[in-house]
Amino acid sequence: MDKIKTDFTDKELRYLLKRGVSEIIVEQELVQLLKSGKKLRLKEGFDPSTPDIHLGHMVGLRKLRQFQEIGHQVVLIVGDWTAQIGDPSGASITRPMLSAEQVKENADTYMRQFFKVVDRAKTEVRWQSEWFGKFSLADVIRLTSKFTVAQMLAREDFNNRFHANKPIAVTELLYPMLQGYDSVMIQADVEFGGQDQKFNFLVGRELQAMIGQKPQQCFMTGLLVGLDGVQKMSKSLGNYIGVDEPPHEIYGKVMSLSDSTLIRYFDLLTDVPDEELAELNRELAGGKTNPMELKKRLARDLVTQLHGADAAAQANYHFTRVFQKREMPEEVEEIKVNPGEDIRDALVKAGMVKSKSEINRLIQQGAVSIDGAKIESAIMSYRDGSIVKIGKHRFVKVVITEGD
RNA sequence: GGAGGGGUGCCGGAGUGGUUAAUCGGAACAGUCUGUAAAACUGUCGCCCUGACGGGCUACGCAGGUUCGAACCCUGCCCCCUCCA
């Protein structure tokens, strides 16, 4: 079958183990594993209560892909049991229990996005319920007796909350143990995730050792800052770019990134070589390169990865035309207008604006034009085929129709 | 079992009887500028009528009440949260 790559140049190793990587425990052991020729089992878990993947997650998925390309096996775990506990974050300690159908649906959604980056053919999907579904109280006691409260409190988040007199649910203490047990069940060689997963990964490592398995390596990827350029990309902060978003949306969001985050994005999300990145960075600092051009390159690269080269070219064209040149897009939505009807009403009806008050406000702000002429008052003359422009990039074509 | 805090506009969060469609921040939208859907700056940001001036209506968990007048006071109900044991 697939050949497993065992000979690496220093450069290749550096790319695999440094680029976009935050920490590896234990790096030397991982290097040995890679060179041993063993087909490694790479564990990645996810919580089916949050099925959307964004670029922040993509950093890790790209790593999985890279390991697949040198012959290794990804094992994706659907955390249908741990999802009921909620990963201890302090913010939300109680989560609604999801129905079985809901979990299934979320899992499908997640996987559809996951496999945009990761190779499905080299992935084994496992559900926690395969083993936890049969767990008895005796099993729970056996598992929990392997750890002490002090060990669990070593986790930074628990520790903080403990000392701040904030609640820690008993089930939350269970979370790392369950996640660790997954590693035992699938005999993971390496577990992948963000830096915030370190504690859970280490619990898995210990548990495997106790049971007589070779402890897994912990592979933690770097954090991506979100659109605001300050906080980490996360769904709850709303500063994310979803893997599932349409091409022009991804492209546009990349273009709105703050300049200072550009290189980091290249670093974490593209294959542009380190030397070239360093060079680009120098040019940027020296003002030799226009950040916009670089952003376009980044946007094209990312859209290509997620939607293919054609979509990327199209998104690029669309952006240049609509946003840079402020021309009409190739396709303009049409709205039906009855003869003599106030066009404002038609715009509201078509959902172009939220309310008549809003369109009035926009007119006052000088944001509306018809056939290139700015509208000063609410009296708008138009004819069949007129192009109404609202703001910088909302266009609509008037179609006059009789009836209703 | 005991003690206490709170539910306000898309979100966060002021306001504790009139001058409050409701300070402020964020998001969003628009305008100016620009190398960019970056940044910066300015403005808008409940709904309806009006070209505009202006006017009307609805809103501060829910339901009542007090008052000339309530997000703010009272009563009941619902819901969140924290601490002690």
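In what follows, every chain begins at residue 1, and chains take the letters A, B, ... in the order their sequences are listed.
- Atom CG of A:Leu362 is separated from atom C1' of B:G51 by 17 Å (rounded to the nearest Å).
- Heavy atoms of A:Ser357 sit under 4.0 angstrom from at least one base atom.
- Among the protein residues, A:Gln324 comes within range of the sugar-phosphate backbone only, with heavy atoms under 4.0 Å from sugar or phosphate atoms but none that close to a base.
- RNA chain B lies under 4.0 Å from at least one heavy atom of each of the following residues of residues 326-335 of chain A: A:Arg326.
- Heavy atoms of A:His248 sit under 4.0 angstrom from at least one base atom.
- Rounded to whole Å, the C1' atom of B:A70 lies 12 Å from the corresponding atom of B:U20.
- Remark: B:U58 base-pairs with no nucleotide in the shown strands. Criterion, Watson-Crick or G-U wobble with two distances under 3.5 Å.
- Within the nucleic acid shown, A:Lys392 comes within 4.0 Å of sugar-phosphate atoms alone, with no base atom in reach, counting heavy atoms only.
- With respect to A:Val396, the side chain to side chain contact (heavy atoms under 4.5 Å, CB included) criterion is satisfied by exactly one of A:Ile335, A:Ile343, A:Ile387: A:Ile335.
- Of the P atoms belonging to B:A39 and B:C48, the separation is 31 Å, rounded to the nearest Å.
- Residue-level contact check: A:Gly391 touches the backbone only, with heavy atoms under 4.0 Å from sugar-phosphate atoms and none from bases.
- Listed pair A:Lys356 / B:C49 meets the phosphate criterion, a side-chain N or O lying under 4.0 Å from OP1 or OP2.
- Looking at A:Glu191 and A:Arg205, no side-chain N of the basic residue comes within less than 4.0 Å of a carboxylate O on the acidic one, giving no salt bridge.
- Note: A:His54 and A:Tyr240 have tilted aromatic rings, judged against thresholds of 30 and 60 degrees for the angle between ring planes.
- For a distance-only test at 3.5 Å, the side chain of A:Asp259 qualifies as a donor-acceptor partner of the base of B:U36.
- One can find a donor-acceptor pair under 3.5 Å joining the base of B:G43 and the side-chain atoms of A:Gln365.
- Taking the ring centroids of A:Phe132 and A:Tyr181, they lie under the 6.0 Å cut-off.
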